[in-house]
Protein chains: 2
Amino acid sequence: MLPEKTIERLSKYRRYLLEKLEQQEEYLYSHELAAALHLTPEQVRRDIMLIGYTGTQRKGYSIKELIEVISKILDGDNKINAVIIGMGHLGKAISNYFSIKRSNIEIVAAFDIDSSKVDRIISGIKSYHVDNLDLIINETDAKIAILTLSPAGAQDITDQLVYAGIKGILNFTSVTLRVPEDVYIENYDMITSLEKVAYFVKENINNEGTL
Amino acid sequence: MLPEKTIERLSKYRRYLLEKLEQQEEYLYSHELAAALHLTPEQVRRDIMLIGYTGTQRKGYSIKELIEVISKILDGDNKINAVIIGMGHLGKAISNYFSIKRSNIEIVAAFDIDSSKVDRIISGIKSYHVDNLDLIINETDAKIAILTLSPAGAQDITDQLVYAGIKGILNFTSVTLRVPEDVYIENYDMITSLEKVAYFVKENINNEGTL
DNA sequence: AAAACAATGTTATTTTAATAACAATTATTT
DNA sequence: AAATAATTGTTATTAAAATAACATTGTTTT
């Protein structure tokens, strides 16, 4: 199992490499990739070492091969399905983001409680009432849920998701969710992120020229 | 300057403490706060030590006082203004999130290029055409920008933002932005996050019962 | 063909963050 | 009033991540 931070970077490497591939480029150096993503060449080489790929010295890495190796790690062999819970603005934004199918993650369904958002196709994704959660998740064999609903219902829905077989959650609610330990959670808390930016802006402004 | 991770937790502590305060609670223990946020009591005590607050032994921390100390650190003395760039679904989602004024960060303006989203109030925030970026940022003295626009224009807009005096960016585009080093950037890359969840879900499923 | 160069692959070091350990202290109990 | 129990504050240890160092090797140049 690779380190979390390495996985994050691999995802970014792949996207950059795909761009380069489209531009008909064949090889690239660790320092190019590093410069593009604001990393150090050492970091890049280390990550590539960890995934067991080796380039050729003096020539760099084969873009095509490196994409293949990263994809094998990130995607595995099977397609993985995801669902969105909550089709408000955030849910729609995410649907749009992923309407272009990248990698082999597919969003196969969305859920909401609002009748005006249910039983229709929104941003290319079929939207159901949450009452059908268990049924649809089983039918589609979805393993990931993206939570964009209000904090109030978050834990209750999470319990249902876990029961239905969901093994990974991308959590946009500000709620700290309780799940069994075989369920992986990635939290994204906008309030915290913004407060963090504010803090470091404030600190930087106060310490101007203190170096 | 406090560690980044401590700042993140302080933001979460404050929100939990505010809830408790509303419930008329007066004191809480490190282990209560830890349990609520899935941390260890040691971590909580260490963070509180770092901000220089001390509770009373056997009795715990005064909720009211702890909120005050955290707020002093996160908020500082002055209000800080933010703007949103891009009023698509994501921009609107974020506007709604922050329409209830929390802490002392205020979103004072939004920008878009789409004429249908300009010169009107959306989710309680006045929306302008991007041509007015410099003017409005100076007028409002905004220091933070939240980027929810398409990747294509992201670097160009960022250059304009920096020129206008923005010192912190919450970046929702998947672009790696180039900025002077006194500008703090917090990146949020949904594609990477989802691919990361997918990877760990896959690994967990494959290693079931391997412990 | 030999030498110089420039890039990789890997190990070592440093830094940062998290966890654990434990002494100090205060409320509670007897 | 003394003993006990429970919680804090702080230091020490461990773990994770990033950075740096350097030996190796393939390319290019002369």
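Lettering of chains follows the sequences in order, A, B, ..., and the numbering in each one begins at 1. Just so it is clear, the values below take in all heavy atoms, side chains as well, and ignore hydrogens, waters and symmetry mates.
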Rounding to an integer number of Å, can you tell me how far [X] [atom1] sits from [N] [atom2]?
{"X": "K5(B)", "N": "dA18(C)", "atom1": "NZ", "atom2": "P", "result": "6 Å"}
{"X": "R46(B)", "N": "dA17(C)", "atom1": "CZ", "atom2": "P", "result": "11 Å"}
{"X": "Y61(B)", "N": "dA27(C)", "atom1": "OH", "atom2": "P", "result": "15 Å"}
{"X": "I48(A)", "N": "dA7(C)", "atom1": "CD1", "atom2": "C1'", "result": "12 Å"}
{"X": "K59(B)", "N": "dA24(C)", "atom1": "NZ", "atom2": "C1'", "result": "18 Å"}
{"X": "R9(B)", "N": "dA17(C)", "atom1": "CZ", "atom2": "P", "result": "9 Å"}
{"X": "Y53(A)", "N": "dT8(C)", "atom1": "OH", "atom2": "C1'", "result": "12 Å"}

Taking NZ, NE, NH1 and NH2 as the nitrogens, is one of them in [X] or [Y] under 4.0 Å from a carboxylate oxygen of the other?
{"X": "D141(A)", "Y": "K79(A)", "value": "no"}
{"X": "R15(B)", "Y": "E19(B)", "value": "no"}
{"X": "R14(B)", "Y": "D75(B)", "value": "yes"}

With a non-hydrogen cut-off below 4.0 angstrom, is [X] in contact with a base, only sugar-phosphate, or nothing?
{"X": "S30(B)", "answer": "sugar-phosphate"}
{"X": "T54(A)", "answer": "sugar-phosphate"}
{"X": "P3(A)", "answer": "sugar-phosphate"}

Just by modelled atom types, is the I7(B) backbone N or O under 3.5 Å from a matching donor or acceptor in the K12(B) side chain?
->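 The answer is no, because no donor-acceptor pair under 3.5 Å joins these two groups.
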N/O (side chain, T56(B)) to phosphate O (OP1/OP2, dT26(C)) under 4.0 Å = no
Can you check whether any acceptor in the base of dA27(C) is under 3.5 Å from a donor in the side chain of Q57(B), or vice versa?
->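 No pair found.
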Answer yes or no: side-chain N or O of R58(B) and base N or O of dA27(C) forming a donor-acceptor pair under 3.5 Å.
-> yes
Please examine the side chains of S11(A) and L74(A), heavy atoms only from C-beta on, and report whether any two atoms are closer than 4.5 Å.
->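 Yes, at least one pair of side-chain atoms sits under 4.5 Å.
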When you match E42(A) and E4(A) each to their closest nucleotide on DNA chain D, which lands nearer the 5' end?
->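 Between the two, 5'-proximity favours E4(A).
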For chain B, the stretch of DNA chain D it reaches, first to last nucleotide, under 4.0 Å of its heavy atoms |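 In short, chain B contacts DNA chain D from dA5(D) to dA12(D).
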Would you please say whether a donor-acceptor pair under 3.5 Å links the side chains of Y13(A) and D47(A)?
->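 Y13(A) vs D47(A): donor-acceptor pair found between side chains.
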Candidates dT26(C), dG9(C), dA18(C) - which lies nearest the side chain of Q43(B) = dA18(C)
Proximity to the side chain of R45(B) - top-ranked nucleotide from dT8(C), dC22(C), dG9(C) =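 Among dT8(C), dC22(C), dG9(C), the one nearest the side chain of R45(B) is dC22(C).
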Take Y16(B) and T176(A), measure what side chain to side chain donor-acceptor pair (under 3.5 Å) needs, and give me the verdict at the end.
-> CA-CA 10 Å; Y16(B) 183 78; T176(A) 303; over 6 Å; no
